[in-house]
2 protein chains.
Amino acid sequence: MRDTADRLVITAEHREILGQVLDKWSVLVLEELCECPRRFNELRRLIPVTQKSLTATLRRLERSGIVQRVVVSDRPVAVEYRITPLGKTLRDPVDAILRWTEEHRHDIEQARARFDEDTPG
Amino acid sequence: MRDTADRLVITAEHREILGQVLDKWSVLVLEELCECPRRFNELRRLIPVTQKSLTATLRRLERSGIVQRVVVSDRPVAVEYRITPLGKTLRDPVDAILRWTEEHRHDIEQARARFDEDTPG
DNA sequence: CCGTATCCAGAGAGATACTG
DNA sequence: CAGTATCTCTCTGGATACGG
């Protein structure tokens with residue numbers, strides 16, 4: 001959806017999708033699952049997230065078709081989460097953002113130091 | 001910061017920067033300011049955001065060196081917000097994400113419809 | 001015009017306890 | 001092991017009113 005100036009028009013729907021997919025923990029979960037499938041508690045060990053939030057994150061990603069929940073065996077229950085083909089298409093753009101934060105971290109720190117110094121209070 | 005497998009290692013700092021720069025309104029403000037400098041109330045007309053949230057968003061972006069606040073004249077006060085060179089480097093990666101939401105919107109909708117149908121409750 | 005100050009409601013996050 | 005169920009608490013964010 002672009003206007004005559006070929007400019008991106010951001011709708012509420014775009015924002016909604018972004019909120020679901022690029023939130024605090026989703027990015028971390030995606031990065032992990034792009035490496036290989038992971039179990040629930042395995043993800044918990046890798047990411048400093050509570051059970052509740054991890055469950056919510058996985059459900060949202062599963063609902064949107066980004067990850068897949070696979071029951072591997074019963075007794076004891078084993079569940080594995082895998083990235084889907086749709087989820088894989090997210091990796092490059094997300095990595096681009098992450099690389100940006102990496103490359104410009106110091107610029108940002110310097111800007112903040114300047115701002116905090118200049119700004120009274 | 002990559003490990004031996006050349007895998008991105010996401011730190012709390014990455015997440016902090018992402019949270020400041022890719023939040024609900026920042027993306028919209030960035031898109032607008034990449035077009036041309038804008039006044040405060042001009043941005044309000046273009047974006048469905050409250051005064052409070054717009055002020056907060058602009059301050060955060062200004063603090064991190066992404067946008068610049070320029071007082072154009074007094075009496076009546078006129079203030080202009082401009083994208084900085086650092087801010088411009090954000091445009092491509094952010095556009096990549098937005099394009100992703102655009103291209104995969106329908107896949108996501110379908111996945112959600114399936115999920116909601118299959119999931120009792 | 002460009003904000004700041006204040007209040008208030010709702011979402012999200014942590015801690016904890018419990019279940020198939 | 002892989003969750004669900006509460007409860008509490010903070011924090012965001014909208015609405016509103018006021019100020020330089």
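Quick note on labels: first sequence line is chain A, next is B, and so on, each numbered from 1. Side chains included, hydrogens not; waters and symmetry mates left out as well; all remaining heavy atoms used.
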Give a yes or no answer on whether the side chain of [X] reaches the backbone of [Y] with a donor-acceptor pair at less than 3.5 Å.
{"X": "Thr119(A)", "Y": "Asp116(A)", "value": "no"}
{"X": "Glu42(A)", "Y": "Arg39(A)", "value": "yes"}
{"X": "Arg63(B)", "Y": "Phe115(A)", "value": "no"}
{"X": "His104(A)", "Y": "Thr101(A)", "value": "no"}
{"X": "Asp23(A)", "Y": "Ser26(A)", "value": "yes"}
{"X": "Thr84(A)", "Y": "Gln68(A)", "value": "no"}
{"X": "Ser64(A)", "Y": "Leu61(A)", "value": "no"}

Exercise for the section: Within residues 15-28 of chain B, find the residues that approach DNA chain D with a heavy atom at under 4.0 Å, and present them sorted by residue number. Expected result: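 Contacts with DNA chain D under 4.0 Å: Lys24(B), Trp25(B).
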In this structure, how many angstroms lie between the [atom2] atom of [N] and the [atom1] atom of [X], rounded?
{"X": "Arg45(A)", "N": "dC1(D)", "atom1": "CZ", "atom2": "C1'", "value": "10 Å"}
{"X": "Glu42(B)", "N": "dC1(C)", "atom1": "CD", "atom2": "P", "value": "11 Å"}
{"X": "Arg59(B)", "N": "dG13(D)", "atom1": "CZ", "atom2": "P", "value": "17 Å"}
{"X": "Arg44(B)", "N": "dG13(D)", "atom1": "CZ", "atom2": "P", "value": "15 Å"}
{"X": "Arg60(A)", "N": "dA11(C)", "atom1": "CZ", "atom2": "P", "value": "14 Å"}
{"X": "Leu58(A)", "N": "dT4(D)", "atom1": "CG", "atom2": "C1'", "value": "15 Å"}

Practice task
Could you check which of dG14(D), dG3(D), dG3(C) has an atom nearest any side-chain atom of Ser53(B)?
Solution key: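 Closest of the options to the side chain of Ser53(B): dG14(D).
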Exercise for the section: Determine: side-chain N/O of Tyr81(A) to OP1/OP2 of dG3(D), distance under 4.0 Å, yes or no. Expected result: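 Answer is yes, contact under 4.0 Å.
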Exercise for the section: Would you indicate, yes or no, if dC1(D) has its OP1 or OP2 atom less than 4.0 angstrom from a side-chain nitrogen or oxygen of Arg39(A)? Expected result: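 Checking Arg39(A) against dC1(D): no side-chain N or O falls below 4.0 Å of OP1 or OP2.
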Practice task
Ignoring hydrogens and angles, state whether a donor on the side chain of Ser53(A) or Trp25(A) is under 3.5 Å from an acceptor on the partner side chain.
Solution key: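 Checked: Ser53(A)/Trp25(A) side chains show no N/O donor-acceptor pair below 3.5 Å.
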Practice task
Answer with base, sugar-phosphate or nothing: what part of the nucleic acid does Arg69(B) contact at a heavy-atom distance below 4.0 Å?
Solution key: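 Sugar-phosphate contact only - Arg69(B) comes under 4.0 Å of backbone atoms but never of a base.
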Practice task
Remember a base hit wins even if backbone is also touched, and classify Arg75(A) as base, sugar-phosphate or nothing at under 4.0 Å, heavy atoms.
Solution key: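 Arg75(A): no heavy atom of the nucleic acid under 4.0 Å.
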Practice task
Test Leu30(A) against every option in Leu22(A), Asp95(A), Thr57(A), Leu90(A) by the side chain to side chain contact (heavy atoms under 4.5 Å, CB included) rule and name the one that passes.
Solution key: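 Among Leu22(A), Asp95(A), Thr57(A), Leu90(A), the one that satisfies the side chain to side chain contact (heavy atoms under 4.5 Å, CB included) with Leu30(A) is Leu90(A).
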Problem - Nucleotide-resolved protein contact map, nucleotides 15-20 of chain D, B/S/- at heavy-atom distance under 4.0 Å - result: B-B--B
